[in-house]
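Here is the structure we will look at, set down as structure tokens.
Note that this is a predicted model, so its numbers are computed, not measured. Residue indices begin at 1 and follow the sequence shown. Whatever order the structure lists them in is the order used to number ligands and atoms, beginning at 1.
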Amino acid sequence: MATKQLELHPQVVKFLSSAPKKMLINGEFVSAKSGKTFDTLNPATSEVIVKVCEADKEDIDLAVKAARAAFEGEWKKVTPYKRQQLLMKVADLIEKNAEEFAQLETLDNGKPINESRAVDVPATVEHFRYYAGWATKIHGETLPVSAGNFFTYTLREPIGVVGQIIPWNFPLLMAAWKIAAAIACGNCVVLKPAEQTPLTALRLGELIMEAGFPKGVINICPGFGETAGAALSSHMDVDKVAFTGEYITGRKIIQASAGNLKRVSLELGGKSPNIVFTDGDMEGALRGCIGSVFFNQGQVCCAGTRLFVESKIYDEFINKLSDKVKKIKVGPGLSEESQMGPLVSDEQLKRVTGYLDIGKKEGAKAICGGDRAKDSDLSKGYFVEPTVFANVNNKMRIAQEEIFGPVVSAIPFKDINDAVFQGNETTYGLAAGVWTNDLKKAHAVAKALKAGTVWVNCYNCFDPCTPFGGYKQSGYGREGGIHALELYTQTKSVWINLD
Ligand code: ADP
């Protein structure tokens, strides 16, 4: 029997009724110069939700010009307090329209509505408020120079025009991570949402204008990576590019940025170890493991996809895990009962099912899942079964390559040294989890793991005040907290000769 789904909120219906959705450039919602549009699809059904105007080089150029004009003009006169108020206002407006945003996100991305409601939307609001607070607290220093009779001080200044390229896994939240910090620091922004999920960013654009931002300060241009994304990252008048996505794209961004040596920050993929010791709380670790892998259909850069379990409890743990995973309710995101929705796209479905085949060929055993979802009601969408692979060793492709789906590879380890060695045996270094009740062990492992975040007896915990970013090939730069201010400001030393 087909699952009951939510009736769309009237504001969602209204938003979708004006089509194609236009991009935000210089305070106006405009069509692409080429007149081109693309379809954004509902991953639960593969049907078109709405057409969206497709930004290309010319549109990106207009957006950059608008951002530059704003940066050199009106935006300079806007005080830190006013920037704070503008960001606060955006947060208030999102909160006021929370259900609309949650539904739009679920429709476009596929994630369960209860996750959009409980995580994506409130975390976005919190993020805007957190960085609103910083707008009035960014300051330089006076310096006790010994070189002579000087008054020497520093100014923390914005970088200028910032290009921001975001992925499809947390479309609204990633827009907030990028925009809020950049604006708090006084920059102007051209944001390119992912082509799979442009809708919440465009709705956010409407609220940004409603909040009273001067024209050109924030521009939002959906389009494809190889065209709009490449145009933004190679644009000679963009001072900085901030990117979240795959490491292969990260490399292209670095190359594209070389023309004018623009600053670059990259938050890339991961293959995070989640390490379960015998002395840990097994129930907690089981829950944490499920949350770490299956949240957002596993489409999370810090997902704990390499599950290391101490040999003594390996069989018991993975059997209990598989019993729980089999109970995860897979279904359309717009059904309140669904705990896991579809993957975002057909491309993503092919990638994940490709890895399921690779895992089986490598000799891993899917102790649950391992295929596309079998329910005939789900056949039109991009649904896969939550999968636990046993018999995995850390050299296999399913243990080394980012699958970006609901698939965990369970690997046994002997002792603490082995856990740390195997945990670090990866080109990535975004995050890690550790489950133990031994305090010394917890600190020792947290220190030894080469990862930007280590969660002990928890996983996927986030707060706007904590830095997030990668070691090794998971990227560089830290978003979140005071650390993101480093990404969006530059320091000037001023010397005043007092003689
Ligand atoms: P995924 O493969 O998971 O979609 P990507 O790294 O390709 O991850 O996508 C993340 C973001 O990067 C998206 O907004 C996408 O359009 C953009 N992108 C993809 N290729 C490029 C590129 N060559 N230059 C700039 N941006 C790109």
Side-chain angles (χ1 to χ4, degrees), residues 23 32 36 38-41 43 52-57 59-61 63-64 108-111 162-179 189-202 204 219-235 238 240-259 262 264-271 296-303 305 342-352 354-355 382 401-407 428 430 470 473-475 479:
M23 60 190 90
K36 279 198 283 184
F38 64 97
D39 294 332
T40 185
L41 305 183
V52 178
C53 295
E54 181 189 332
D56 204 336
K57 203 168 176 209
D59 312 288
I60 293 292
D61 191 47
V64 171
D108 211 11
N109 165 281
K111 61 180 72 198
V162 176
Q164 305 185 314
I165 300 174
I166 56 170
W168 43 258
N169 57 345
F170 295 93
L172 178 66
L173 185 58
M174 287 301 105
W177 276 32
K178 294 279 184 284
I179 292 174
V189 163
V190 178
L191 177 88
K192 193 202 82 62
E195 54 271 34
Q196 297 85 348
T197 54
L199 296 182
T200 44
L202 289 176
L204 175 63
N219 305 274
I220 299 178
C221 305
F224 291 85
E226 311 77 58
T227 51
L232 189 55
S233 51
S234 62
H235 199 292
V238 170
K240 183 214 155 74
V241 63
F243 171 75
T244 300
E246 277 200 80
Y247 85 97
I248 296 174
T249 317
R251 283 192 196 158
K252 293 184 191 162
I253 302 269
I254 297 171
Q255 284 161 354
S257 71
K262 57 175 69 65
V264 177
S265 52
L266 303 170
E267 198 260 274
L268 307 177
K271 195 74 194 176
N296 210 31
Q297 297 66 247
Q299 302 168 135
V300 182
C301 48
C302 53
T305 48
L343 300 174
V344 76
S345 63
D346 189 44
E347 190 187 349
Q348 194 58 19
L349 177 67
K350 290 197 176 99
R351 173 184 170 140
V352 173
Y355 274 109
Y382 312 128
E401 295 172 22
E402 190 175 37
I403 300 174
F404 225 63
V407 183
Y428 292 111
L430 191 57
Q473 289 185 35
S474 291
E479 297 192 271

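At least one heavy atom of Phe243 lies less than 4.0 angstrom from ligand 1.
The N/O atoms of Glu226, backbone and side chain alike, include none that comes under 3.5 Å of an N/O atom in ligand 1. Inclusion of Thr249 in the set of residues having an N or O under 3.5 Å from an N or O of ligand 1 is warranted. Below 3.5 Å of separation, one finds an N or O of Gly225 facing an N or O of ligand 1.
The nearest protein atom to atom 4 (O) of ligand 1, hydrogens excluded, is given as Trp168 NE1, 2.9 Å; this is a heavy-atom distance.
Looking at Ile166 against ligand 1, only its backbone comes within 4.0 Å, counting heavy atoms. Residue Glu195 touches ligand 1 through its side chain alone, judged by heavy-atom distances below 4.0 Å. Both the backbone and the side chain of Glu246 come within 4.0 Å of ligand 1, counting heavy atoms alone.
Here the side chain of Asn296 pairs a donor or acceptor atom with the backbone of Asn169 at under 3.5 angstrom. A donor-acceptor pair under 3.5 Å is absent between the side-chain atoms of Gln196 and the main chain of Val344, judged by distance alone.
Gln348 and Tyr382 form no side-chain donor-acceptor contact under 3.5 Å, judged by distance and modelled atom types alone. Using modelled atom types and a 3.5 Å distance limit, the side chains of Asn109 and Thr197 yield no donor-acceptor pair. No side-chain donor from either of Ser233 and Lys252 sits under 3.5 Å from a side-chain acceptor of the other.
The nearest protein heavy atom to atom 8 (O) of ligand 1 is closer than 4.0 Å.
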